[in-house]
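Inspection log for the structure reproduced underneath, given as structure tokens.
Counting starts at 1 for both ligands and their atoms, in listed order. The structure presented is a predicted model; accordingly, all values stated were derived computationally and were not measured. Sequence positions, counted from 1, serve as the residue numbers for this chain.
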Amino acid sequence: MSVTPKGIPIILDLDPGHDDAIALLLALASPEVELLGVTTVYGNQTLEKTTANALRVLDLVGRDDMPVAPGADRPLVRDLTVASHVHGDSGLDGPVLAPPTRAALDERAVDFMDRTIAASDAPVTLVPTGPLTNVALLLERTGGANIDRIVLMGGAIAEGNMTPAAEFNIWADPEAAQAVFSSSIPTAMIGLDVTHQAVTTPAVIERLVATGQVGAFVADLVEFFSVYHRETYGWDGAPIHDAVAVAHLIRPGLVTTVHRNVEVELVSELCRGRTVVDLWRRTERDANADVGVALDTGGFFDLLVERIGRLA
Ligand code: RIB
Ligand code: CA
């Protein structure tokens, strides 16, 4: 009797957030990954709101079995800043979503991660798509035992989005990000250089809507998420940042990466949280990350539309 291979065991560490919500749906619809649980962190909104949003999205697709453990409500040492200017007061403005039908676990994210990773037969992949505070706290406790790799959405080789120099997830907690990049755990950095190649088009929206109810929900998310990006970049769509990190796991090859050194700026205020990527090997610093440099945009949206359609 053939046994269906189990997917890569993963934990999503989210700050939903419109694109986090889409990343969660993509993971739920993809047998290549086995979602062991969701942990939440402040970022796009407060921890209370990002946690409620994770629960609401899981309710939408009937996954009230999926554990959600709340984590850090503020950075390690920096002041809390939330991205309400992008994601709205709820953190998931736009579509109408009922309040959560259940509470999150009465277990903190780091405890959930520690317990779940230790209990896994196979090494676990962490997929953080918000500030890296929870991951840094876990690594401080466990040293990264039984973690296969970290595939994070964050950083940028080129320009930032929170400041000219830095991308929001890294900017929000630069000390946590530096702890991750210096951890020696195999790490993929899915930064703005590739996620800004994952901007929806009206044709993609039409394809999503045609897949059914969940596709229509994703389209509503994108409609709101596009407001900020139209005003800022003039785009007729929104970059689905976090889903690119999940897609990188599901379909290797969609994202082209190079193995380079990444360091995080901690001292400068002007360049706080900049990921300094030694793209052309100008230093002797050892490579510590697989940095995304290109995306098969068509392949990414083909995958996203097909998988969202499975949730219809
Ligand atoms: O800079 C984009 C990242 O910041 C995305 O993960 C978005 O959800 C926000 O967390
Ligand atoms: Ca996010």
ask   = Angle class for the His229/Phe225 ring planes (parallel below 30°, perpendicular above 60°, tilted otherwise)?
value = perpendicular

request  = Spell out, as yes or no, whether a donor-acceptor pair under 3.5 Å connects the side chain of Thr133 to the backbone of Pro75.
outcome  = no

ask   = Does Asn169 reach the main-chain N or O of Thr129 with its side chain, forming a donor-acceptor pair under 3.5 Å?
value = yes

ask   = Is the backbone N or O of Asn261 less than 3.5 Å from a side-chain atom of Arg285, with the two atoms forming a donor-acceptor pair by type?
value = no

What does the N/O contact table under 3.5 Å look like for ligand 1?
from, atom 1, to, atom 2, distance (Å)
ligand 1, 1 (O), Asn161, ND2, 2.8
ligand 1, 1 (O), Glu167, OE2, 2.5
ligand 1, 4 (O), Asn169, OD1, 3.2
ligand 1, 6 (O), Thr129, O, 2.9
ligand 1, 6 (O), Asn169, ND2, 3.1
ligand 1, 6 (O), Asp242, OD1, 2.5
ligand 1, 6 (O), Asp242, OD2, 3.2
ligand 1, 8 (O), Asp19, OD1, 2.7
ligand 1, 8 (O), Asp19, OD2, 3.1
ligand 1, 8 (O), Asp20, OD1, 2.9
ligand 1, 8 (O), Asn44, ND2, 3.0
ligand 1, 8 (O), Asp242, OD2, 3.2
ligand 1, 10 (O), Asp15, OD1, 3.2
ligand 1, 10 (O), Asp15, OD2, 3.0
ligand 1, 10 (O), Asn44, OD1, 3.4
ligand 1, 10 (O), Asn44, ND2, 3.4
ligand 1, 10 (O), Asn169, OD1, 2.8

Atoms named by residue and atom, protein N, O or S, within reach of the Ca ion (ligand 2) (under 3.0 Å) = Asp15 OD1, Asp20 OD1, Asp20 OD2, Thr129 O, Asp242 OD2

message = Looking at Glu167 and Ala156, would you say the former's side chain and the latter's main chain have a donor-acceptor pair under 3.5 Å?
response = no

task = State yes or no: do Phe181 and Ile147 share one hydrophobic cluster built from I, L, V, M, F, W and Y residues joined by side-chain heavy-atom distances below 4.5 Å, directly or via other members?
result = yes

key: Asp278 side chain vs Ala287 backbone, donor-acceptor pair below 3.5 Å   = no

query = CG of Leu28 to CZ of Arg307: how many Å apart, nearest 0.5 Å?
reply = 12.5 Å

request  = Measure from the side-chain N and O atoms of Asn44 to the backbone N and O of Gly91, and report whether any donor-acceptor pair falls under 3.5 Å.
outcome  = no

